[in-house]
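Numbers restart at 1 for each chain; the letters A, B, ... are given by sequence-line order, proteins then strands.
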There are 2 protein chains.
Amino acid sequence: MAASAPPASDLEAQIAELTTKVHELKTSKQPFQAEQKQLGELKRALNVSQGGGTKKESAGKGKLTLKTPKGTKDHGPSATLMRKQIFTTLEQIFLKHGACTIDTPVFELREILAGKYGEDSKLIYDLQDQGGELCSLRYDLTVPFARFLAMNQSTYPSIKRYHIGKVYRRDQPAMSKGRMREFYQCDFDIAGNFDTMVPDAEILCILVEALTALDIGEFTVKILDGIFQLAGVPADKIRSISSAVDKLDKSPWEEVRREMTVDKGLDGTIADRIGEYVKFKGPGKELLATLQADEKLMAVPSANEGLKEMGILFDYLEIFGVLGYMSFDMSLARGLDYYTGIIYEAVHASSAPPGISTTPAVPAASTIDPKKPKKKAAAAPGGDDAEEEIDESQIGVGSIAAGGRYDDLVGMFYEASGGKKGAGRIPCVGISVGVERVYSIMLAQRKAREEREGRGKETQVYVVAVGGDGLLKERMALVKQLWDAGIKAEFTYKAKPKLQAQFDTCDRDQTPLTVIIGPKELERGEVRVRRQVGKEAGAGEGELVQRDELVEYLKKEVLL
Amino acid sequence: MAASAPPASDLEAQIAELTTKVHELKTSKQPFQAEQKQLGELKRALNVSQGGGTKKESAGKGKLTLKTPKGTKDHGPSATLMRKQIFTTLEQIFLKHGACTIDTPVFELREILAGKYGEDSKLIYDLQDQGGELCSLRYDLTVPFARFLAMNQSTYPSIKRYHIGKVYRRDQPAMSKGRMREFYQCDFDIAGNFDTMVPDAEILCILVEALTALDIGEFTVKILDGIFQLAGVPADKIRSISSAVDKLDKSPWEEVRREMTVDKGLDGTIADRIGEYVKFKGPGKELLATLQADEKLMAVPSANEGLKEMGILFDYLEIFGVLGYMSFDMSLARGLDYYTGIIYEAVHASSAPPGISTTPAVPAASTIDPKKPKKKAAAAPGGDDAEEEIDESQIGVGSIAAGGRYDDLVGMFYEASGGKKGAGRIPCVGISVGVERVYSIMLAQRKAREEREGRGKETQVYVVAVGGDGLLKERMALVKQLWDAGIKAEFTYKAKPKLQAQFDTCDRDQTPLTVIIGPKELERGEVRVRRQVGKEAGAGEGELVQRDELVEYLKKEVLL
């Protein structure tokens, strides 16, 4: 970055803001051409600031490029604090349900990740072979969890755990929508041999409690169990057919049908049955009754079984009081290799593209699986690192949580490592909350309320000197007394600070109180306490308080 | 891992425990041969379980090795909870001092890390070149922080920030002492142009407050400013001489002197002056007075200036009430390239090898810089991945925190990226707490108190069914009511659970309370509440409580 150019992170923030604005203007059918032009200029500036598509060349000239790697970013104080608040909110829910947490390494042996992510395996980051083991950065938190369980069968035959951590995918980043190459995931999983649909129901209950606690607005949970069994897809074709149906949100039905029958050899009548089922969406119990009234369907044993299980799940969800949030959606499919049963995803009201509602009866054509970012068109010229041009105003935030049952993953690890066949099976069901999407929604809502940017720190008191020779040692003694009393306090490290500079710092940091000391007050054993924020802000010189009663005064009168 | 072999992580835990025991026996001069033999067996077992030195071969045979990469490990529930408690304790101190936190990516552009770590640069993990930018895992949190500041000069001309995160070093791991290839660091830094020694004093105050709050026992902080200036080392030789003196903890003085004079061309009289100074250790003010009484020394302008600054620092530390923790130690040196002024490290009472005390007057020959792990003898046969045989009983835990002033790092980035010379300088001073060492000490102390392993979860109530048909739906309805009231509650996912199995789960998880429901109680609108832990544990059938008064009862009477 040259001294004259604004930092890339500032530009990115401006671009994100302007993208949202253009989107809003378009949605409300207002003119948006001026804003779109400005957006283009900013994007070009960003390209220059980041060295554009010629990074390697400029690096060759010996000038250092000050930036974070493509698809990653620094989170500043208020962004980090907001993420921490999201984590704490989710953690409180998980702890309420008796969860523990574990912490696995950020990289795994490469062979552990191999064959778990289908086509997306190409997005895995590998560590360089520097002698020794071959490793890769984790792609999600699910596979490391299954590896952990397979290694510790005797200690954890069952476990309820959450894990909040960063995961890594070499995908085309889309900053303004929060899709990055490094991003947080927040997973909650229940592992163990239990009765049908009981842990599944608790997971969905937790999902509803968590999204409600985050207070980000309305959402719907789309669930599905065993559509392909219902339709009569042979067991060995379920994965490939599921991956085809997963493309329904971006390809027309005809194309998907062609892939299923021509490419993947599925019987045409079964394909057509799928085509019928994927239209079914709606409140669970009604849809279930419709399906169960279909005699032809109920004659298929697997369909009969599958629908019975859905009935059990709906009963449990009703007891937990969360059935109203559910939509039975037979168009739902997941691209990952390891899912084996029920799958679900939560869709936020803001997720649909402009003009498309998220009410259950309408196809939510734009939902994005957080565990499987959408592939975009071919990369723009400029090589792997050029930012892609995507009109993101046409894409919603996507699903904000997704998960499902993966009963075979732990056993697969166990057996592949030489364990006795069948002995190491631990069925699992889990949910992953898309932290970055939740963050984007929260930020947009905060901006919509035109709130000031959140505080990045929690300082309660700023100690200010008036006159004297800066009173550095007196300020130090006072602030130490406050720290020892557990009060969050700061002072300036300047020996002879200007009065206005000290008050400016308080304003910038939104520090609620100042304690002011001057030579006269000190002589009389007094200090002044002044409110800096709120309706009494800056009222005169503040209140006189005895120096030796200050801590008690702050604790009792002001910091309550 | 074969089904018959115990998991590697169990073995590692047993090895760590036995290593500690052997160490204790040796220290207290008791026989330890039997334990040492057992230790050898376990280590061989671990080698087998991990595929020993022939991992690549066995992988070739198609059998998966279930383990985490070398030098990394999974942290289970109670270990993760204990680390979280360490983080929270430290965070509370940092927040009290008005700090914010930022979050930078786990990998950086490779050129950002280049040239910052001297000889240790070879320990950096590189990401594979998969097209695009060349990246490496971060080696510490300091260099990314400086890069962040250089990129965001206008937004953060000064900042007080902490950052807790994992860092990565391809060093020879030593599990039992908590030295890993992936480990947490917890950094606190103050950046900005301020008056001499003011932020430095606050950093040292925070260090003392943090180590005191962690409650891990006695510690000493060794500090030093400008020994080489005092001795008259030319400015361009200070780095290489510092790196030589840093070897004093493992090489004799004669060898270090030879390196300084013969290899690095230092004047012999200056080397001898250093040799004299490194003997000086002790309480700050007395030592300072001794040095200031040395007329020859005070005639050197740089020495005069350096000692004046130390005097100012000691004054401030006295005001903050932490001077008593400090030891002025002229043998202290740091191997990192970026330090420019005052340096310090905190040494825990348990850090010295057996028989060597940590009182300031005695050389602490075994202290280990957490930012610069010690190099060991050549790797054992078996290649890069074979575990090394180190007699760790002869090594202390090492320093538990270290830091110093690095005034030029931000400016270096700024100028290297094309910024105007001198315009981007932001002086910094910081401290890094060795979280893994603190954790090791806490764990050893907990074990010494023979405490039961800490809980990994916080469940308050377990809902138990007696008789009936398992009462699954009734348990679900009850537990949901508790969740909605904010009570941390669990139930088993079995439809028809055995009574004893339910109580066994409570015992294992140390859950304090059970709420017991049976058909008769339900009919009468009652439940039983029973204490499972503590002195009233398991008293009979528990207390009868009206079902509709249960939540209030639990909140008021029992969960206080």
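- Under the ring-ring contact (aromatic ring centres under 6.0 Å, His included) criterion, B:Y156 pairs with B:F148, not counting sequence neighbours.
- With a threshold of 4.5 angstrom between heavy atoms, B:E91 approaches chain A through side-chain atoms but not through N, CA, C or O.
- Using a 4.5 Å cut-off between heavy atoms, A:R475 does not touch chain B at all.
- Checking side-chain atoms of B:D195 against main-chain N and O of A:A495 turns up a donor-acceptor pair under 3.5 Å.
- With a 4.5 angstrom heavy-atom cutoff, B:L482 does not touch chain A via any of its atoms.
- Taking 4.0 Å as the cut-off between side-chain N and carboxylate O, B:K96 and A:E458 do not count as a salt-bridged pair.
- Here the straight-line distance linking atom CG of B:L95 with atom OG1 of A:T459 works out to 8.5 Å at 0.5 Å rounding.
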All N/O donor-acceptor pairs, side-chain side in residues 99-107 of chain A, below 3.5 Å, sequence neighbours left out:
unit_1: A:T101; atom_1: OG1; unit_2: A:Y162; atom_2: O; d: 2.8
unit_1: A:D103; atom_1: OD1; unit_2: B:K166; atom_2: NZ; d: 2.9
unit_1: A:D103; atom_1: OD2; unit_2: B:Y184; atom_2: OH; d: 2.6

In sequence, state the C-alpha distance, the side-chain angles, and the governing distance for A:K488 and B:H97, and then conclude on side chain to side chain contact (heavy atoms under 4.5 Å, CB included). CA-CA 6 Å; A:K488 294 169 185 150; B:H97 286 262; over 6 Å; no
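- For a residue to count as touching a neighbouring chain, one of its non-hydrogen atoms must lie under 4.5 Å from one of that chain's; by this rule A:L137 touches chain B with the side chain only.
- If you measure heavy-atom distances from A:I487 to chain B, the contacts under 4.5 Å come from the backbone alone.
- Atom OH of B:Y125 sits about 8.0 Å away from atom CD of A:Q130, to the nearest 0.5 Å.
- When each of A:I319, A:L81, A:L472 is checked for heavy-atom pairs under 4.5 Å with chain B, A:I319 comes out on top.
- For B:I190, the part lying under 4.5 angstrom from a heavy atom of chain A is the side chain only.
- No donor-acceptor distance shorter than 3.5 angstrom exists from the side chain of B:E108 to the backbone of A:T68, with no hydrogens or angles considered.
- Contact check on B:D315 versus A:K473 returns a salt bridge, with a Lys/Arg side-chain nitrogen under 4.0 Å from an Asp/Glu carboxylate oxygen.
- Between the side chain of B:K494 and the backbone N or O of A:N193 there is at least one donor-acceptor pair closer than 3.5 Å.
- In this structure, the separation between OG on B:S417 and NZ on A:K63 is 7.5 Å, given to the nearest 0.5 Å.
- Inter-residue side-chain proximity for B:R147 and A:L66 is flagged as met; some heavy-atom pair is nearer than 4.5 Å.
- Panel note: side chain B:E133, backbone A:K70; a donor-acceptor pair is recorded below 3.5 Å.
- Comparing A:Q92, A:R455, A:K84 by heavy-atom pairs within less than 4.5 Å of chain B, the highest count is held by A:K84.
- Of the residues considered (A:F413, A:W483, A:F320), A:W483 shows the highest number of contacts with chain B, using heavy-atom pairs under 4.5 Å.
- In this structure, no portion of B:D509 lies under 4.5 Å from any heavy atom of chain A.
- With chain A as partner, the option from B:E182, B:R161, B:R83 having the largest number of non-hydrogen pairs under 4.5 angstrom is B:E182.
- The part of B:I124 that comes within reach of chain A is its backbone (N, CA, C, O), which places non-hydrogen atoms under 4.5 angstrom from that chain.
- Once rounded to the nearest 0.5 Å, the distance linking CE of A:M151 with NZ of B:K67 reads 8.5 Å.
- Residues A:L127 and B:Q128 share a closest heavy-atom pair of O-OE1, 3.6 Å.
- Heavy atoms closer than 4.5 Å to chain B are found in the side chain of A:Y168, but not in its backbone.
- Inspection of the A:E202 and B:Y493 side chains reveals an N or O donor paired with an N or O acceptor under 3.5 Å.
- No part of A:Q481 comes within reach of chain B, as not one of its non-hydrogen atoms sits under 4.5 angstrom from that chain.
- Looking at B:Y462, there are no atoms closer than 4.5 Å to chain A (heavy atoms on both sides), in backbone or side chain.
- Remark: B:E111 CD to A:L64 CG distance equals 4.5 Å, nearest 0.5 Å.
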